[in-house]
Structures are given as C-alpha cells and as structure tokens.
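Notes follow the structure.
This chain uses plain numbering: 1 for the first residue, then up along the sequence.
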Amino acid sequence: QVQLVESGGGLVQAGDSLRLSCVASGRTFRPYAMGWFRQAPGKEREFVAAIYWRGGGTSYADSVKGRFTISRDNAKNTVYLAMNSLKPEDTADYYCAAAYRILIATPESYDFWGQGTQVTVSS
C-alpha cells in the first residue's frame, strides 16, 4: 500500500513562489507516473502536472505552463512542484498522486492520493 504525504503549501502573495513536496512511503516505489492535481473551492479536481517516473518526461496543464515545474528524486521517492509567478487563481488544495495507467492527465488513472496541501495566493 502506497502512502503519499504532501508538504510545502502556504499563504503567499501574487507573484511569489512555492515549492511543494510529495514523499511516498516504502522501500520500493515504481509508479508509471506521478502527478499533481488541484481543487479550488466549489470546483472539480483538475490536472496540474505529471512526470513519468522512469524516463522523467513531463506534462503540464496549459494554465501552468512556463510557471510550474514538476521534478522527482527517485532515490528519495519524492516528487516536487515548483510554482513560480503565482496567481490568485492558483489558490487550491494541491494533491499528489501515483498513476499506474497510461492516461496521466485524468484523475481516474491514479490509484493513490495524498491528503493535500493548501495553497492560498492573495492579490
């Protein structure tokens, strides 16, 4: 059973940066991909970014391209989301998830989820 724990969220002003971390438990962790999703109040959960665990290729939502960077440290079972030039519309709970299916931009492909970390961006 995989357990994911996110950290790094907080309250920042527009234009600031945050770096989220997600640590997976266990000695062996071999997902197909790791992803970040977010959910704002009253809205559905949406895809933010994903990274292929083995090859390191990445995918981003159009809304965060050029601003967010996903990365991973396989040896530490850790995924990061560096968020720059934050906007108020980035305010949401951010969730880390582990995928074991091909379609990495849909939450249905992810079997394990963290409890989330809150990001609030003030204007």
Side-chain angles (χ1 to χ4, degrees):
Q1 188 78 2
V2 176
Q3 293 186 7
L4 306 174
V5 180
E6 303 99 333
S7 63
L11 174 62
V12 298
Q13 293 185 334
D16 286 351
S17 300
L18 279 175
R19 189 195 191 201
L20 307 182
S21 298
C22 172
V23 180
S25 63
R27 294 182 179 180
T28 302
F29 183 64
R30 305 287 188 185
Y32 176 68
M34 292 293 296
W36 287 96
F37 291 77
R38 66 187 182 186
Q39 187 167 22
K43 297 184 178 180
E44 295 185 355
R45 188 167 299 184
E46 67 173 348
F47 171 77
V48 176
I51 185 166
Y52 295 98
W53 195 249
R54 188 172 184 178
T58 58
S59 180
Y60 297 92
D62 289 340
S63 60
V64 305
K65 285 183 179 178
R67 299 165 53 231
F68 291 10
T69 302
I70 187 171
S71 61
R72 89 275 199 253
D73 187 333
N74 300 63
K76 296 181 179 180
N77 289 349
T78 302
V79 179
Y80 306 96
L81 184 67
M83 305 184 295
N84 299 317
S85 301
L86 283 163
K87 305 175 181 179
E89 49 262 46
D90 294 319
T91 296
D93 289 333
Y94 283 72
Y95 298 89
C96 174
Y100 296 88
R101 302 175 183 87
I102 296 175
L103 300 179
I104 60 174
T106 176
E108 285 72 25
S109 295
Y110 294 79
D111 292 327
F112 302 100
W113 296 79
Q115 62 181 350
T117 184
Q118 187 174 10
V119 173
T120 302
V121 184
S122 63
S123 60

Next item on the list: Could you state whether Val12 and Leu81 fall into the same hydrophobic cluster, counting links through intermediate Ile, Leu, Val, Met, Phe, Trp or Tyr residues with side-chain heavy atoms under 4.5 angstrom apart?
Entry: yes

Next item on the list: Please state whether the rings of Trp53 and Phe29 are parallel, tilted or perpendicular, taking 30° and 60° as the class boundaries.
Entry: perpendicular

Item checked: Point-to-point distance, once rounded to the nearest 0.5 Å, from CG of Asp73 to OH of Tyr80 -> 5.0 Å

Margin query: Working to the nearest 0.5 angstrom, can you tell me the gap between Asp16 CG and Asp90 CG?
Written below: 11.5 Å

Next item on the list: Supply the atom-to-atom distance Arg72 CZ to Thr78 OG1, rounded to the nearest 0.5 angstrom.
Entry: 12.0 Å

Notebook entry, point to check: Distance-only, no hydrogens or angles: does the Thr120 side chain make a donor-acceptor pair with backbone N or O of Thr91 under 3.5 Å?
Noted result: no

Check: Do other residues, nucleotides or ligands put more than 12 heavy atoms under 6.0 Å from Gln13 CD?
Finding: no

Check: Any chain of hydrophobic side-chain contacts (each under 4.5 Å) joining Trp36 to Tyr32?
Finding: no

Next item on the list: Please name the pair of heavy atoms, one in Val48 and one in Val64, separated by the smallest distance, quoted to 0.1 Å.
Entry: O-CG2, 3.5 Å

Item checked: Under 3.5 Å donor-acceptor, Glu6 side chain and Gln115 backbone -> yes

Notebook entry, point to check: Looking at Ala98 and Pro31, what are the two nearest heavy atoms and their distance?
Noted result: CB-CB, 4.2 Å

Check: Which heavy-atom pair separates Ile70 from Tyr60 by the least distance, and what is that distance?
Finding: N-OH, 2.9 Å

Checklist line | Nearest-0.5 Å distance that lies between atom CE in Met83 and atom CZ in Arg19 | finding: 11.5 Å

Check: About how many Å separate CZ of Arg45 and CZ of Arg38, when rounded to the nearest 0.5 Å?
Finding: 13.0 Å

Checklist line | Non-hydrogen atoms of Leu20 and Gly9 that approach each other most closely | finding: CD2-N, 3.6 Å

Next item on the list: Quick one: pull up CG in Asn77 and CE in Met34 and give me the separation to the nearest 0.5 Å.
Entry: 9.0 Å

Item checked: Common cluster, Phe112/Val23, ILVMFWY with side-chain heavy-atom separation under 4.5 Å -> no

Check: Closest approach of Cys22 and Leu4, non-hydrogen atoms and distance?
Finding: SG-CB, 3.9 Å

Next item on the list: For the pair Arg101 and Asp111, find out whether any cationic side-chain nitrogen is under 4.0 Å from an anionic carboxylate oxygen.
Entry: yes

Note to self: For a quick test of reading the model, state the closest non-hydrogen atom pair linking Tyr110 to Phe47 and the distance between them.
What the structure shows: OH-CE1, 4.4 Å

Checklist line | Ring centroid separation Trp113 to Phe37 under 6.0 Å | finding: yes

Next item on the list: Evaluate the criterion side-chain contact (heavy atoms from CB on, under 4.5 Å) for residue pair Ser7 and Thr117; output intermediate values, then yes/no.
Entry: CA-CA 6 Å; Ser7 63; Thr117 184; 5.6 Å; no

Next item on the list: Check whether more than 12 heavy atoms from other residues, nucleotides or ligands sit under 6.0 Å from atom CD of Gln3, and answer yes or no.
Entry: no

Check: So, does Ser123 use its side chain to make a donor-acceptor pair with the main chain of Pro88 at under 3.5 Å?
Finding: no

Checklist line | Same apolar cluster (I L V M F W Y, side chains within < 4.5 Å links), Ile102/Tyr52 | finding: yes

Notebook entry, point to check: Got a salt bridge between Lys65 and Asp62, using NZ or NE/NH1/NH2 to carboxylate O under 4.0 Å?
Noted result: yes

Checklist line | Cluster link Ile51 to Val2, ILVMFWY, side chain under 4.5 Å | finding: yes

